[in-house]
Number of protein chains: 2
Amino acid sequence: VIEFKEISKVYKMGDVQVNALKSISFSIEHGDYVIIMGPSGSGKSTLLQILGCLDRPSSGEISIDGTQTSKMNEDQLAKVRNRKIGFVFQGFNLLPKLTALENTMLPMIYGNVYKGKERTERAKELLQDVGLNERINHRPNQLSGGQQQRVAIARALSNNPSIILADEPTGNLDTQSGKEILEIFGRLNSSGKTVIIVTHDPDMAKKGNKLIKLRDGLIEKIEVTGIG
Amino acid sequence: VIEFKEISKVYKMGDVQVNALKSISFSIEHGDYVIIMGPSGSGKSTLLQILGCLDRPSSGEISIDGTQTSKMNEDQLAKVRNRKIGFVFQGFNLLPKLTALENTMLPMIYGNVYKGKERTERAKELLQDVGLNERINHRPNQLSGGQQQRVAIARALSNNPSIILADEPTGNLDTQSGKEILEIFGRLNSSGKTVIIVTHDPDMAKKGNKLIKLRDGLIEKIEVTGIG
Ligand SMILES: Nc1ncnc2c1ncn2[C@@H]1O[C@H](COP(=O)(O)OP(=O)(O)OP(=O)(O)O)[C@@H](O)[C@H]1O
Ligand SMILES: Nc1ncnc2c1ncn2[C@@H]1O[C@H](COP(=O)(O)OP(=O)(O)OP(=O)(O)O)[C@@H](O)[C@H]1O
Ligand SMILES: [Mg+2]
Ligand SMILES: [Mg+2]
């Protein structure tokens, strides 16, 4: 269970202050399929990065499975991130000097759960699942936008994380490729993974069992749309 | 008029060859509103970059208003790019050390059509049109994904180009913000600008007077949907 209690995030720019998140409270159960929507600039990526332990809130309390993350040190946070969490960035954040295959393998190298030849096999399989088996040796600047997005997705899944966070994972994909990606997330959720997706696609609003709508750094509403 | 005759584009990677565009022929009239769609990896960005004189084809002939671009040198091409063409990149390509305002002003500084105080005024106006008047002094890493996308759009319009090329300009925007951007493109087209948009959004297919569908580096079909 992930619990957020009155989470805020303030960005300081000189003497100007941007209140990206004002007061956010909700909980996510194991195995939830959560859709987060809201206008551009409403705080979705900020929220997702705090959920993924990639950033800390300015105030408020977060607990993951009962442990308060504010009480964790950097090493403990890094461990949670690497073992439990798979994160698909809105801007992909692929390493430009590595191929699609190497980018996908990177979390496994840090995670030390998959070893040796198993890593390459698993990475190839994941890239095949996202339709990229003919592009595994391309570097990011030798890939289309949607292909880079799919490498970012494969990489996020490579350590078999229990929580998958995806920031607009189909934004650069045609309808068919987008459907195939959503089928992957659906299957992972059916197998027990917690899936949290930020999206601008209104068709996705009903795909999960929970819909969180943000506006101006606040939760406008939460809809529980199905059985968990 | 832009004319493409049997345009191909081959990327070489060692002894492997990627035929990103195989043989593309079509013409675009002044004032057209062209929508380009197709699966991820089908060659849309490659085609748009060649249309925008940002890249050269491997074979085939392009003419813009009767002049063959293959006969132009780098300076002449750069002049066409800067004065006639506004390009919105799929990956935004904003300069990280410049603010939204400075990024938007950059083409005007090179173009030398707008001068002095007029540049700042025009840049502020464009940023207001895309809903960013409260973010003009933010640098790209202080902006959300959709805000960066909108700076890229403002920048593409800053030199008042006669041809606007936009590569998935609403991919990171919610439905409402996306509508507002499309209204801007619609108004520019009504005022005589040629607008060419690559998109994955099926709702946009009928927005133009011409629809070009790509598949595997070839034109699958061209639909002329309205009066130019
Ligand atoms: N520098 C390069 N070297 C090798 N292959 C490349 C290079 N750039 C692009 N490609 C390949 O060319 C094909 C077309 O790429 P392009 O970026 O035009 O696709 P696209 O239609 O824009 O896709 P998307 O919808 O995902 O953005 C892709 O399969 C891509 O892998
Ligand atoms: N480092 C920063 N400094 C100042 N302001 C920031 C910073 N990062 C983000 N912001 C602001 O915080 C707000 C929320 O940003 P966030 O990226 O979470 O939005 P978002 O909902 O993901 O938007 P989009 O749909 O466009 O991706 C935005 O208005 C943005 O300008
Ligand atoms: Mg975002
Ligand atoms: Mg593209």
Side-chain angles (χ1 to χ4, degrees), chain A residues 11-14 16 18 20 37-49 89-92 94 99 130-132 134-135 137-150 167-178 180-181 198-203 205 213-215 217, chain B residues 11-14 16 18 20 37-49 89-92 94 99 130-132 134-135 137-150 167-178 180-181 198-203 205 213-215 217:
Chain A
Y11 293 113
K12 290 202 181 62
M13 292 172 53
V16 175
V18 176
M37 299 185 72
S40 170
S42 55
K44 306 178 298 297
S45 295
T46 302
L47 176 58
L48 208 70
Q49 278 157 19
F89 292 89
Q90 186 169 6
F92 320 149
L94 300 177
T99 64
V130 297
L132 291 179
E134 295 186 16
R135 293 287 182 267
N137 296 316
H138 286 229
R139 288 187 311 276
N141 69 356
Q142 297 169 323
L143 292 170
S144 77
Q147 290 168 343
Q148 293 173 35
Q149 187 157 44
R150 286 181 272 160
D167 201 343
E168 302 190 32
T170 61
N172 285 278
L173 299 177
D174 54 282
T175 312
Q176 183 54 35
S177 309
E180 290 165 18
I181 293 304
V198 166
T199 182
H200 280 307
D201 182 357
D203 294 341
K213 282 192 158 177
L214 288 191
R215 180 173 291 278
Chain B
Y11 292 114
K12 290 200 180 63
M13 292 172 53
V16 176
V18 176
M37 298 185 72
S40 170
S42 55
K44 306 178 297 297
S45 295
T46 303
L47 175 59
L48 209 70
Q49 278 157 23
F89 292 90
Q90 185 169 5
F92 319 150
L94 299 177
T99 64
V130 297
L132 290 179
E134 294 186 13
R135 292 287 182 269
N137 296 315
H138 285 230
R139 289 186 311 276
N141 69 356
Q142 296 169 323
L143 293 170
S144 77
Q147 290 168 346
Q148 292 173 37
Q149 186 157 44
R150 286 181 273 161
D167 201 343
E168 302 191 32
T170 61
N172 284 279
L173 299 177
D174 53 281
T175 314
Q176 184 53 36
S177 308
E180 290 164 19
I181 293 304
V198 167
T199 181
H200 280 309
D201 182 356
D203 294 340
K213 281 192 161 178
L214 288 191
R215 180 174 290 279

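Note that the structure is a prediction, hence the values are computed from the model and not measured. Each chain gets a letter, A, B and so on, in the order the sequences are listed, and its residues count up from 1.
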Practice prompt. Measure A:N137 against the heavy atoms of chain B and call it side chain, backbone, both or neither at under 4.5 Å.
Written response: backbone
Discussion item. Quick one, B:R135 and A:V18 - any side-chain contact, counting heavy atoms below 4.5 Å?
Written reply: yes
Worksheet item: Do you know which of B:Q147, B:Q90, B:Q148 has the most heavy-atom pairs with chain A at a distance under 4.5 angstrom?
Response: B:Q90
Item to complete: Calculate, to the nearest 0.5 Å, the distance between atoms CE and CG belonging to B:M37 and A:D174 respectively.
Response: 8.5 Å
Practice prompt. Could you look at A:Q142 and say if it's the side chain, the backbone, both or neither that has a heavy atom under 4.5 Å from chain B?
Written response: side chain
Worksheet item: Among residues 39-48 of chain B, which residues come closer than 4.5 Å to chain A, judged by heavy atom distances?
Response: B:P39, B:S40, B:G41
Worksheet item: More than 12 foreign heavy atoms under 6.0 Å from CD of A:E134: is that the case here?
Response: no
Practice prompt. Could you look at A:E168 and say if it's the side chain, the backbone, both or neither that has a heavy atom under 4.5 Å from chain B?
Written response: side chain
